[in-house]
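The structure appears right after this line, and notes come after that.
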Amino acid sequence: MLNQELAQILSLMADYLDMDEAFFESRAYSKVARVLESMEQDVGVIYQKGGIKAIKQIQGVGQGIAYKIEEYIKTGRVSRLGQLKKKCPVDLENLSRVEGLGPRKIKILYKKLKIKNLKDLGKAAKAGKVALLDGFGSQSEQNILGAIKFVKASNERFPIGEILPLVREIIKELEDLPLGGQISLAGSLRRMKETIKDADILITSNKPEQVMEHFVKIKGVVKIWAQGKTKSSVRFKKGFDCDLRVVKKKSFGAALQYFTGSKDHNISTRKIAKKKGLKLNEYGVYKGDRQIAGKTEKQVYQAIGLPYIEPELRTNSGEIEAGLNNQLPKLIGYDDIKGDVHCHTNWSDGRESIKSLARAAKKFGYQYLAITDHAGFLKIAHALDEKQLIKQMSQIDKVNQKLSGIKLIKGAEVDIRPDGSLAIEDKVLAQLGLVIGAVHSMFKMNRKDMTQRLIKAMNNPNLNIVAHPTGRVFRKRQGYQLDWPIIFKAAKKTRTALEINAHTTRLDLKDIHIRQAIESGVKLVISADVHPISYLSMVEYGIAQARRGWAESKDILNTRPLKSFLKYFE
DNA sequence: GCCGTTTTCGGCCCGACTGTTTTCAGTCG
């Protein structure tokens with residue numbers, strides 16, 4: 001996707017400009033970089049359709065940056081970046097990954113010691129040359145040496161599912177201390193972003209030193225970046241950083257609002273405050289020197305004329321305008337799902353028998369469960385054929401008779417062939433209660449062909465749901481490109497639901513597509529693609545994804561009771 | 001470099017921590 005490439009280049013340019021002390025110019029570039037990162041439409045497409053004029057419509061883009069975007073689209077490079085690099089030819093991308101090194105210090109390192117990259121930096125630090133520079137000392141030299149080691153490990157963001165459980169344990173440990181009061185997650189974890197770089201926790205306490213002393217010694221801490229009275233920062237063995245902040249009770253809400261972000265959301269809220277003659281910071285909302293709100297987030301938002309905005313919405317992508325106009329969505333709740341509709345058993349590649357999975361789902365609180373083992377040609381996952389499917393159906397009937405309190409739906413996850421046909425005969429599919437279609441082959445088809453492939457599948461009246469619609473897998477596969485408006489149109493017309501696959505390695509659909517799907521009138525389901533029982537609880541990440549896509553309960557079919565869930569597909 | 005219900009010029013969000021400084025610059029979120 002062109003947006004991500006361009007965002008990276010613009011943000012790199014911002015860093016070089018920072019080094020050049022062109023601070024406000026730098027800010028303009030990084031602002032556009034952030035906009036591009038979270039923008040749904042591809043810049044390349046925008047340019048194709050509307051030329052440079054359309055590019056200038058993008059938030060924060062004026063004449064100058066528009067031309068640079070055009071240059072990148074046409075030639076694949078931005079010559080200004082080359083000029084900036086020439087001025088100070090250092091590997092800014094990697095050097096600034098070292099904690100404590102920013103553009104200014106990197107410039108000093110280059111001017112004084114000709115340090116251009118991590119290798120040079122390591123050598124110089126080992127030789128004790130860095131400590132002698134102005135603004136550096138032996139302490140920072142040691143930090144640099146330590147940080148270089150960590151750069152490799154911190155190269156990536158983590159799927160939320162790998163971090164949230166760990167951070168909840170940390171929070172639990174802090175809660176158990178007799179020192180603290182209120183405690184909460186903050187940052188991107190509280191916003192339930194799909195990938196996480198570091199974790200933020202807020203706590204109120206009148207013994208901050210003791211809280212911090214305990215925090216930096218929690219099991220798994222491998223490095224203490226900072227330890228102060230109000231803020232401490234540590235690195236965990238897993239490779240992510242965690243910040244703990246101690247705040248005052250009367251500022252807890254303001255701090256929570258502030259540290260939950262996103263950065264852009266905060267900039268907008270502070271601008272609104274400023275317009276009203278108020279000041280908003282992490283201590284509260286102030287009229288002159290007087291705090292007029294701060295204890296709770298709700299009060300903070302109220303004080304600046306906004307309703308409470310759910311953390312998942314705080315991305316500065318319309319939630320503030322919606323709030324001002326009283327048009328915020330009533331987001332789907334974390335307890336609203338009535339049943340999982342994408343599960344595998346030991347008939348294909350799952351772990352559990354039909355019966356034990358059903359029992360576990362009942363215990364989890366579900367009213368129904370769709371058994372959707374692989375069917376078709378995916379032999380690696382022991383896909384079932386027509387004969388086996390029929391056999392399984394009668395087995396499910398038997399279990400249904402024996403179990404009370406939960407209903408099983410006879411289903412299948414059928415392979416969608418490259419030509420868009422389904423890999424199981426229609427007359428067998430017609431007997432099933434729920435048919436999920438999924439692409440498991442030929443991922444590299446181009447946008448047009450893949451779109452046609454899915455449309456043909458959706459036009460099969462037996463198909464109810466398209467599973468993991470883009471096929472992306474974190475750290476493994478980028479996912480195929482689809483022509484979304486066409487897909488949404490077809491999904492609506494054929495009453496095909498799109499899946500929000502909640503498995504932490506997938507989280508597919510993405511938030512922006514969820515939002516577009518809903519705007520297009522397409523219905524969705526949230527399912528955990530259950531293999532072992534433990535996956536059931538991953539539904540939380542799918543719900544979070546849906547909330548970030550502005551989904552309400554009515555948009556998600558499996559928030560309905562069984563009857564009305566199935567009715568949609570009739 | 002961008003932007004405009006005070007503005008086409010003159011602003012651009014705001015504060016803590018660190019290391020080194022001996023009052024602050026740089027970094028970070």
Side-chain angles (χ1 to χ4, degrees), chain A residues 10 13-35 55-69 78 80 84 95-109 130-144 147 186-191 197-202 208 212 224-234 241-247 251 254-255 257-286 304 316:
Chain A
L10 293 179
M13 288 178 79
D15 281 346
Y16 277 108
L17 286 163
D18 236 345
M19 203 153 61
D20 214 20
E21 297 181 30
F23 301 119
F24 287 113
E25 197 179 345
S26 160
R27 177 178 293 185
Y29 276 82
S30 54
K31 191 178 166 197
V32 174
R34 284 201 308 274
V35 169
I55 295 288
K56 274 203 270 188
Q57 295 302 308
I58 298 169
Q59 203 190 343
V61 176
Q63 191 86 349
I65 295 183
Y67 279 128
K68 290 177 182 75
I69 292 178
V78 178
R80 177 87 199 277
L84 286 167
L95 282 172
S96 56
R97 282 218 186 103
V98 175
E99 179 82 19
L101 281 192
R104 313 292 304 278
K105 286 202 164 168
I106 291 171
K107 188 178 178 184
I108 296 174
L109 288 169
V130 174
L132 304 174
L133 295 175
D134 269 353
F136 294 80
S138 61
Q139 184 75 36
S140 52
E141 187 169 80
Q142 286 311 305
N143 278 347
I144 285 172
S188 54
L189 258 184
R190 180 158 178 255
R191 300 200 312 276
K197 215 175 115 228
D198 41 36
D200 296 277
I201 303 171
L202 297 187
M212 293 309 194
I224 301 169
W225 297 118
Q227 182 181 355
K229 255 201 305 197
T230 63
K231 182 199 164 180
S232 293
S233 180
V234 300
D241 293 339
C242 182
D243 293 356
L244 179 68
R245 290 184 160 83
V246 177
V247 302
S251 297
Q257 197 279 331
Y258 182 91
F259 288 111
T260 296
S262 72
K263 192 183 172 85
D264 290 332
H265 176 87
N266 285 354
I267 289 173
S268 289
T269 49
R270 265 169 272 159
K271 274 184 187 163
I272 288 180
K274 202 170 175 181
K275 250 185 204 164
K276 288 184 183 290
L278 304 168
K279 189 171 78 165
L280 171 61
N281 58 26
E282 63 259 54
Y283 301 107
V285 182
Y286 289 86
I304 59 170
N316 197 37

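These values consider heavy atoms only, across backbone and side chains, with no hydrogens, waters or symmetry-generated copies.
Remark: A:Y67 is not in phosphate contact with B:dG1, judged by side-chain N or O atoms under 4.0 Å from OP1 or OP2. Contact annotation: A:N281 does not reach the phosphate of B:dC14 (side-chain N/O to OP1 or OP2, under 4.0 Å). Checking the phosphate oxygens (OP1, OP2) of B:dG15, a side-chain nitrogen or oxygen of A:K279 falls inside 4.0 Å.
In this structure, A:V32 reaches neither bases nor backbone, as no heavy-atom distance under 4.0 Å exists between it and the strands shown. Here A:K68 lies in heavy-atom contact (under 4.0 Å) with sugar-phosphate atoms only.
Between B:dG1 and B:dT5, the two P atoms lie 23 Å apart (nearest whole Å). Only the C1' atoms considered, B:dT22 is 28 Å distant from B:dG29, to the nearest whole Å. Using C1' as the reference atom, B:dT7 and B:dC12 are 13 Å apart when rounded to the nearest Å. On the P atoms, B:dA16 is 25 Å away from B:dG11, given to the nearest whole Å. Nucleotides B:dT20 and B:dC28, compared at atom P, are 15 Å apart to the nearest Å. Only the C1' atoms considered, B:dG10 is 13 Å distant from B:dT6, to the nearest whole Å.
By the neighbour-count criterion of 12 heavy atoms within 6.0 Å, atom OH of A:Y286 is densely surrounded, having more than that number from other residues, nucleotides or ligands.
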Q) When you check every protein heavy atom under 4.0 Å of nucleotides 5-11 of chain B, what one-letter string (B, S, -) results, 5' to 3'? A) -------
Q: Walk me through it: do A:K68 and A:Y29 pass the test side-chain contact (heavy atoms from CB on, under 4.5 Å)?
A: CA-CA 11 Å; A:K68 290 177 182 75; A:Y29 276 82; 3.2 Å; yes
Q.
Quick one, A:I55 with A:V61, criterion side-chain contact (heavy atoms from CB on, under 4.5 Å). Give me CA distance, side-chain angles, the key distance, then yes/no.
A. CA-CA 7 Å; A:I55 295 288; A:V61 176; 4.1 Å; yes
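A:M19 CE to A:L95 CG: the interatomic distance, rounded to the nearest 0.5 Å, is 9.0 Å. Separation of atoms CG (A:N281) and CD (A:Q257) is listed at 10.5 Å; rounding is to 0.5 Å. Annotation: the span from A:R245 atom CZ to A:S233 atom OG amounts to 8.0 Å, rounded to 0.5 Å.
Salt-bridge check for A:R80 with A:E25: passed, with a basic side-chain N closer than 4.0 Å to an acidic carboxylate O.
Counting heavy atoms from C-beta outward, A:V246 and A:K229 have side chains that stay 4.5 Å or more apart.
We find that NZ of A:K56 is positioned 13 Å from P of B:dG1, with the value rounded to whole Å. Rounded to whole Å, the distance from CD on A:Q142 to C1' on B:dT18 is 16 Å. Remark: C1' of B:dC12 and CZ of A:R34 are 13 Å apart, rounded to the nearest angstrom. Residue A:K271 contributes atom NZ, which lies 10 Å from atom C1' of B:dC2 at whole-angstrom precision. If you take NZ of A:K229 and C1' of B:dG15, they are 16 Å apart, rounded to a whole angstrom. What separates CG of A:N266 from P of B:dG15 is a distance of 13 Å, to the nearest Å.
Pairing for B:dT8 is absent, judged as Watson-Crick or G-U wobble with the two contacts each under 3.5 Å.
Contact record, A:I65 with A:G60: CD1-O, 4.5 Å, taken as the closest heavy-atom pair. Counting all heavy atoms, side chain and backbone alike, A:G228 lies closest to A:S232 at N-OG, 3.4 Å.
If you find the closest nucleotide of DNA chain B to A:G62 and to A:Q227, the one lying nearer the 5' end belongs to A:G62. Residues A:F24 and A:K31 each lie close to DNA chain B; by heavy-atom proximity, the contact nearer the 5' end of the strand is made by A:K31.
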Within the sub-3.5 Å range, which N or O atoms of nucleotides 19-29 of chain B have a protein N or O partner, and how far apart are they?
from	atom 1	to	atom 2	distance (Å)
B:dG19	OP1	A:N143	ND2	3.4
B:dT20	OP1	A:G137	N	2.1
B:dT20	OP1	A:G137	O	3.1
B:dT20	OP1	A:S138	N	3.4
B:dT20	OP1	A:S140	OG	3.1
B:dG26	OP1	A:R104	NH2	3.2
B:dG26	OP2	A:R104	NH1	3.1
B:dT27	OP1	A:G102	N	2.7
B:dT27	OP1	A:G102	O	2.8
B:dT27	OP1	A:R104	N	3.4
B:dT27	OP1	A:K105	N	2.7
B:dT27	OP2	A:R104	N	3.2
B:dC28	OP1	A:G100	N	2.9
B:dG29	N2	A:Y258	OH	2.4

